[in-house]
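The sequence lines fix the lettering, A, B, ..., with proteins before strands; numbering per chain opens at 1.
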Protein chains: 2
Amino acid sequence: MGTNEEAERSATQGGAAFLLAQLGAHAARAFAARIAALDLTPPQAGLLRMLAATPGRSQRRLAEDLGMPPSRFVPFADELETRGLIERRKNPDDRRSHALYLTERGVELLAELRKVGAAHERDVCAALSPDEHTQLTALLRRVAEQQGLTPGVHPGYRSS
Amino acid sequence: MGTNEEAERSATQGGAAFLLAQLGAHAARAFAARIAALDLTPPQAGLLRMLAATPGRSQRRLAEDLGMPPSRFVPFADELETRGLIERRKNPDDRRSHALYLTERGVELLAELRKVGAAHERDVCAALSPDEHTQLTALLRRVAEQQGLTPGVHPGYRSS
DNA sequence: TGACAATCGTTCAAATATGTAATCATTATT
DNA sequence: AATAATGATTACATATTTGAACGATTGTCA
């Protein structure tokens, strides 16, 4: 009678949690492919966004929110600084920490990034009507909030 | 007027695509933490599910669907075989390929896995009413289908 | 004030993971 | 029968990631 099959499907493979993981990986990969045209990886794009939202943060806190160990953050920020997208300044109040800021070029690239993000959003949700799109976003936002996720922060990699 | 802020939020950080990526990573990580109690990683759980769905497939096809190169699949299957969860049998029709099957213990562990999956589903969607839960699942399923995702297959890692 | 612990950024070496190419057995092609 | 192609495996070379250690600076407390 196929009840067995139905139960299995709904439990692990067809449930919302699995679909979230599957679609999340798909959306992340598609986004990565798009921003590769700007020579950016998702964590790099994340840093630019974080600096636009709250400039002048220390590397340690940024690394924490990005979910990477400080030792890995150093070469990560190095490349972005070499490319002239971000800037390290000495914090006058605490001279051992570096405050990070977007450069002018960084702000420009962020504008490009937003265009790409909008196109990505449209593409991923192409199956839905405008109403449904709004509906989905609202549901997801509530789930994210209840799960304790920080808005706008994508913890790509976990660590110690 | 805050319109600027609003636009930025909706474009990249608050859109459905970003929420999908964020929630997907969160759900995947939470699931990984749960099945760690069974000494399983997400790819390992995926293989068990795939073998339950269609037994006797060749390693190459399984590796393909799992998104890993065949060379990496070998030690991956080795461990599961050592632990007595899966079994390699010579395919009589084509003796160079190995057909993979679940052992009895593998079937038992899969039952445990389903319980964990159900608990995970409940936890992730705790913010939603039963109706909303159904609604979300339906929306996600349509998006997944339109994006061309294979049902029940989570391409954890991409490769060549 | 001065000694000591804690923090930030950084570097470095070791462990780990990952992909590519070569290898062996078997099967398909001609 | 000779040759090409395929599946599983191995070997190796390379990249990634981690954890500890270090110098510089700041906080704490006697």
Side-chain angles (χ1 to χ4, degrees), chain A residues 25 28-29 32-33 36 39-44 46-47 50-51 54-83 85-101 154-160, chain B residues 25 28-29 32-33 36 39-47 50-51 54-82 85-101 154-160:
Chain A
R29 174 157 33 245
D39 266 303
L40 283 179
T41 66
Q44 289 172 338
L47 181 59
M50 290 169 72
L51 291 186
T54 58
R57 308 185 64 193
S58 78
Q59 297 191 176
R60 195 158 276 265
R61 296 195 177 177
L62 293 165
E64 174 71 18
D65 279 0
L66 242 63
M68 61 170 67
S71 61
R72 203 141 70 81
F73 187 88
V74 173
F76 175 69
D78 283 348
E79 190 192 326
L80 257 26
E81 191 179 35
T82 303
R83 286 168 60 182
L85 299 174
I86 69 176
E87 187 185 1
R88 278 187 244 234
R89 295 187 206 160
K90 283 282 183 195
N91 184 349
D93 297 339
D94 185 345
R95 276 185 328 213
R96 47 197 174 158
S97 72
H98 281 167
L100 265 61
Y101 297 90
H154 188 307
Y157 306 90
R158 258 293 149 264
S159 63
S160 54
Chain B
R29 172 155 38 243
D39 267 302
L40 284 179
T41 65
Q44 289 172 340
L47 181 59
M50 290 169 72
L51 291 185
T54 58
R57 306 184 66 192
S58 78
Q59 297 193 175
R60 193 158 277 267
R61 296 195 178 177
L62 292 165
E64 173 71 18
D65 279 0
L66 240 63
M68 61 171 67
S71 61
R72 205 140 71 77
F73 186 89
V74 174
F76 175 69
D78 282 348
E79 191 193 324
L80 257 25
E81 191 178 35
T82 302
L85 300 174
I86 69 174
E87 188 185 358
R88 279 185 243 235
R89 296 187 206 159
K90 283 284 185 196
N91 184 346
D93 296 339
D94 185 344
R95 275 185 329 213
R96 64 205 154 147
S97 73
H98 280 166
L100 265 61
Y101 297 90
H154 188 308
Y157 306 91
R158 258 293 149 263
S159 63
S160 54

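Atom pair D78(B):CG and dA8(D):P shows a separation of 13 Å (rounding to whole Å applied). Atoms CZ (R60(A)) and C1' (dT7(C)) sit 7 Å apart, rounded to a whole Å. Atom CD in E81(A) sits roughly 12 Å away from atom C1' in dG9(C) (whole-Å rounding). Between the CD atom of Q59(A) and the P atom of dC8(C) there is a distance of 11 Å, given to the nearest Å. As rounded to whole Å, 12 Å separates atom C1' of dT16(D) from atom CE of M68(A). We find that CZ of F76(A) is positioned 15 Å from C1' of dT17(D), with the value rounded to whole Å. Rounded to an integer number of Å, the gap from NZ of K90(B) to C1' of dC24(C) is 11 Å. Taking atom CG of L66(B) as the reference point, atom P of dA8(D) lies 14 Å away to the nearest angstrom.
S58(A) comes within 4.0 angstrom of sugar-phosphate atoms only, judged by non-hydrogen atoms across all strands, and of no base. Contacts of R61(A) with the nucleic acid, taken as non-hydrogen atoms under 4.0 Å apart, are absent.
Considering only residues two or more places apart in sequence or on other chains, R89(B) meets the side-chain contact (heavy atoms from CB on, under 4.5 Å) condition with E87(B), Y101(B). Here A28(A) pairs with A21(B) under the side-chain contact (heavy atoms from CB on, under 4.5 Å) rule; sequence neighbours left out. Scanning for side chain to side chain donor-acceptor pair (under 3.5 Å) contacts around D78(B) gives R88(B), with sequence neighbours left out. Not counting sequence neighbours, the partners of T41(B) by the side chain to side chain donor-acceptor pair (under 3.5 Å) test are Q44(B). Judged as a side-chain contact (heavy atoms from CB on, under 4.5 Å), and not counting sequence neighbours, the contacts of D39(A) are R83(A).
With dA20(D), dA8(D), dT20(C) as the candidates, the nucleotide lying closest to the side chain of S71(B) is dT20(C). Checked against dT18(D), dC8(C), dT10(C), the side chain of R72(A) finds its nearest nucleotide in dT18(D). For H98(B), taking side-chain heavy atoms from C-beta onward, the closest of the listed nucleotides dC12(C), dG7(D), dT9(D) is dT9(D).
Here R57(B) does not reach the OP1 or OP2 of dG7(D): none of its side-chain N or O atoms lies under 4.0 Å away.
Nearest heavy-atom pair, S58(B) versus S97(B), reported as atom, atom and distance to 0.1 Å: CB-CB, 4.5 Å.
Atom-to-atom distance recorded for L47(B):CG and D65(B):CG is 10.5 Å, nearest 0.5 angstrom.
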Can you give me the N/O atom pairs linking the protein to nucleotides 23-27 of chain D at distances under 3.5 Å, or say none if there are none?
residue: dT26(D); atom: OP1; partner: R95(A); partner atom: N; Å: 3.2

